[in-house]
Structures are given as C-alpha cells and as structure tokens.
Amino acid sequence: MAKRIDISDLDIFYGDFRAVADVTVSIEPRSVTALIGPSGCGKSTFLRSINRMHEVLPGARVEGKVVMDGQDLYGADVDPVDVRRQIGMVFQRPNPFPTMSIYDNVAAGIRLNARRMAKTDLDGLVERSLQAANLWREVRDRLNRPASGLSGGQQQRLCIARAIAVEPDVLLMDEPASALDPISTLAIEDLMTELKERFTIVIVTHNMQQAARVSEQTGFFNLSSAGQPGRLVEFDSTEKIFSNPEQKATEDYISGRFG
Amino acid sequence: MTGVNPSPPVRRLGDRLFAGSARGAGIAILVVLAGVAAFLVVDSVPALVAPAADVPGGKGVFSYVGPLLFGTVIAAVIALVVATPLGVAIALFLTHYAPRRLAQGLGYVVDLLAAIPSIVFGFWGIFWLAPRMVPFYAWAEEHLGFIPLFAGPASATGRTMLTAGVVLAVMILPIISAISREVFAQVPTLHREAALALGATRWEMIRMAVLPYGRSGVIGGAMLGLGRALGETLAIALVLSVSAGTMTFNLISSTNPSTIAANIALQFPESSGLDVHTLIASGLALFALTLVVNVLARAVVNRRADFSGAN
C-alpha cells in the first residue's frame, strides 16, 4: 500500500527518438504529486513509463531506473503485467468497458487477478470501491446497467473505482478531469484528496489551479525546442513552485508568460 | 429577434436529389425482394396442391423438401461450426498478434480466398480433400462410432456430408475473418488500454475489450457466411454423394441428403411441369429458412444492444 517511487536518470525513447531525458525524482507515498508543463513536453510519456504503459507502443523503451520501495520496475525478470497490477491508471477520457455493467467494470481487475472470491465478498468490495470513488449513491440501484449509460463525470469516477478496487500501491492519473465539466472536476479533486490517505497519487494536469489545489509536490516539465527531449526542469513542494520557483522557465509558465 | 419571422427551411436541390435517390434505393430493394417472394409463392402452388403421388418421390411435396432442408441445415451448421472459430482466430491473429507487414500479406491472401469461384472449391473438395478424408473416416468409424455422427459405414470415396461441410467452411472462412478483422481493428485504443492498465495480458485484454466489442460484428459476419453456405450450389453438387430422401445425422457415410440449392442445380435440367414447381417449392423453403435465420441473428444481437459499445 502507498509505496514511494524513486526514479533516477530516466530516458524514454520511441524508437530512436528520445522523448524524455534525464529525469531524476522521488515521489512520496500518501501524497499527490502533480506534473505540469506545455503540451508535448513528455509529462504523459513520463507518467506512462511509471507503470510501463508506454511499452504498448511498438519501439518504446527506457534507460535508467524506476524503483518502487526497492523493487526495480524495469528489472530483467519483471513482467510489465505485474507492474500494472500494482500501479493503477486513470486516463484522460473516461474509458469504462462499454460491454460491461457498472458492477462488472469495478470487478474487472479483481477477476483478472484470478482471486477466487465469494459473491458476497465481491459485492462488498465493489460497494466499497464505488463508495471510495463517491459514486455508490448514484449507481447503487443500477449496478447491472451498462456503464456507457453514465455521464462523463460518473464514468470517470467509475474508472477510478475500477482502478482502486484492486488495491494498487500507486495511482497514476493522466489529466483525469480535462474532459469533464467544472462540477465533475471538483468531485474528482475532492476524491483525490480523500484517496491520497491510502495511495500514492501522481497526476498530470494542464490546469495549474488544479495542481495548486490538490498536490503536495509539483514537477514542471519543459522542452527547450521542438525535436528536443522533454526534461524535468524543476521539482519542489507545490507551495514553492507556485510562489517562488527557482527556475525562470517555471515562473514564466505558471504566470502565463510562456513562449 | 422580435418582429422577424423565422424563414421557412430552405430545401436545396442537392438535398432533395440525395434524399430522393436514397429513398428510391431503399424502395427498390423491397420491390425486388417482394418480387422474388411472390414468384416463389405463386410458382410453388401447383406443387403444394398436387396429389402426393404425382410429386417426385411420390409422397408429396413436404416429404420431398424435408430431407433437402435437413441436408441444407446440416451442411451449413458444419460449415459454421468449423469456420467461425477459425475465422475469429485468424482475425485476432491478424489484428493483435502478427507483425504489421505479415498481417497485410496474410489478410490479402485470406481475402483472395473469397474471390475463388465455388466450382473451383468443388473440384478441390472432390479431387483433393475427399480422398484425404477417407482414412480419417475409417478411423472415426472404428473409434468414435458410438457417436451417432460417426456411425458409418465410412465412405470409401470421402464424398460425405462432413467433407461437404468442410468445403463450405473454407468458402465462408474469408467472409467471417474479413468482417471480424474489421471490427477487431476498430476497438478503440482507450478500451484496450483500460484493460492493459488493469494488468491484463494480451489474451486477457482481448477477452475483456476486443471480443465483447466485436461480438455483434462477428455474429454479422457469421450470418453472411451462413447465407453463403445455405445457398451454395456447385461445390455441394460436386462433392456430396446423395441418396434421395435420406435424413441422417451420420456425417461420414456415402448415403447423404442433398441440399436444396445443389438439388435444384442437379435436377433442374431434366425437369418439366410439376417437377419444376416442386423444385421452386424447395426454393421457397430455402428463402424462408434464410429469413428465419436472419431474424434470429438480429434478435441475438439486439438482446444485448445496451452493452454493444455502440452507445
């Protein structure tokens, strides 16, 4: 539960192209770490390298180390499938399985882990996960209806319930609220504040107010020019980044004087 | 906006032309279908009302058509049972396992199968496949004979219902695999990543995201294949060794019911008068069977429409 992640000298490649260069950072457990930066700077790529999701694209690879509580996630004998079972992910656009009911969506990850579970235990776990995602009261009487019938904000909370149902150590969120209206966004942000008691959360966001509201640590990614790899320019407490950053690029970006 | 009347909607010429031609095409298909149905019904009547002794076989039109309908269904079911899993497996391999360049080449080869005329499959069935099936039939009779499907006596020529069904399966394979490949390729990346991010292996991802999403497409492809299998004429006429009026689940003997389409093709040149009307009545039965199958397939797809992923 809630493990820390130490990343050192990480380079991320797509084929021969180096998309992200030289990231060294430590992510604290039981806190929210926000990653901000302009589009194309590699922050999503970096996020997806933590649970090895970027490898879904052919030719993607990394050099460097990602260590979670002493376990090297890129060790030679580590199966990316196992990494993803420990590190959950929530995507930019809500992606519940449209062919499954609300209940089956939450249970999907548990059933994957092939844990044989009594129906009543599974019912309880689904209910707890939906409650933790602040969705239970809205869907309790239609658990067997298709997930595609929910609103966008509800679907995203369902995706969060699905991700936390398997009790991951870390939760990665790739712009989880950018496709949602302000009320749903607020619901997701409140949820993050509750979930960080139990999980290590890393969130990529374009919304700087959001980063300031929800996170303890903030990292600013930038790239010096097109075709160059993205780099982690500055990483510090959110308070420091938004009040008195060390780097001029950070200050320019957060004050909107970018580019 | 006070005082301004909303202008009536403008009907542009292009819109009207397009709407008219689309509506015309829709009506045309109904007219053609109704025309075929009317022809079949009208020309079947003489056989339906004729005295039983005058109809070929001498026991009335239903005793004549019954075994043919039975044979048609058996051959088509064998084809579907063999071709559907194989077609889905080919489609999955092409979309999710094969390297891209290999997938393109292989996909082309599979599509090419669809372009081979059915008479060629018939020749292949009778000269290549049937002799090679003979040892298997002998083995099946000896070891699986307790199953009625393999009761025997095993055919010495291999021109059995099972051979015919396998030839049909090869013919409908490209239809099923091409349509399955299309729907599998359209599964949104979002859904595939959702499964992978939960820690699914590739096969688990396929089971969670790809197969359920492609389900209605696979059923549609299987129905198109079934349509071709039900109506296939020449390959069956060449391959199958037929005894008129048989009805048996024994798939490996040389005593088999014919299928409706093959029977029409074989009998029509030598028929006249009431015989022709009887053949047309069998055609009507095939038409009705196809309609029923399609309605059933539509019902299966619609039963879970809420969960199709299309909404």
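Quick caveat: nothing in here was measured; it's all calculated off a predicted structure. These values consider heavy atoms only, across backbone and side chains, with no hydrogens, waters or symmetry-generated copies. Just so it is clear: chains get the letters A, B, ... in the order the sequence lines come, proteins before strands, and each one is counted from 1.
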| request: Tabulate, in ascending numerical order, the residues of residues 42-51 of chain A having at least one heavy atom closer than 4.5 Å to a heavy atom of chain B, or enter 'none'. | output: A/Arg48
| task | Check for a donor-acceptor pair, side chain of B/Thr84 on one end and backbone N or O of B/Val81 on the other, with a separation under 3.5 Å. | result | no
| query | Ignoring hydrogens and geometry, is there a side-chain-to-backbone donor-acceptor pair from A/Arg85 to B/Gly199 under 3.5 Å? | reply |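 Yes, the answer is positive, given that a donor and an acceptor are paired below the 3.5 Å cut-off.
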For the student: nearest non-hydrogen atoms of [X] and [Y], plus distance:
X        : Y        : answer
A/Asn207 : A/Thr205 : N-OG1, 2.9 Å
A/Ile36  : A/Ala211 : CG2-CB, 3.8 Å
B/Leu196 : B/Thr201 : CD2-O, 4.5 Å

Per-residue contact mode, [X] against chain B (heavy atom under 4.5 angstrom):
X       : value
A/Ile87 : backbone
A/Pro96 : backbone
A/Val56 : side chain

| task | Check the surroundings of atom CG in B/Leu112: do more than 12 heavy atoms from other residues, nucleotides or ligands lie under 6.0 Å from it? | result |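 Correct, the count exceeds 12.
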| said: Could you check whether atom CZ of B/Phe249 has more than 12 heavy atoms from other residues, nucleotides or ligands sitting under 6.0 Å from it? | reply: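 At most 12 heavy atoms, drawn from other residues, nucleotides or ligands, come within 6.0 Å of this atom.
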| field | Largest heavy-atom contact set with chain B, pairs under 4.5 Å, which of A/Met100, A/Gln92, A/Gln86, A/Arg52 | value |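 That would be A/Met100.
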| Is it true that the side chains of B/Ser118 and B/Glu232 contain a donor and an acceptor less than 3.5 Å apart? | yes
| said: Between B/Glu204, B/Arg207, B/Met208, B/Arg202, who has the most heavy-atom pairs with chain A when the cutoff is under 4.5 Å? | reply: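 With the most close heavy-atom pairs to chain A, the winner is B/Met208.
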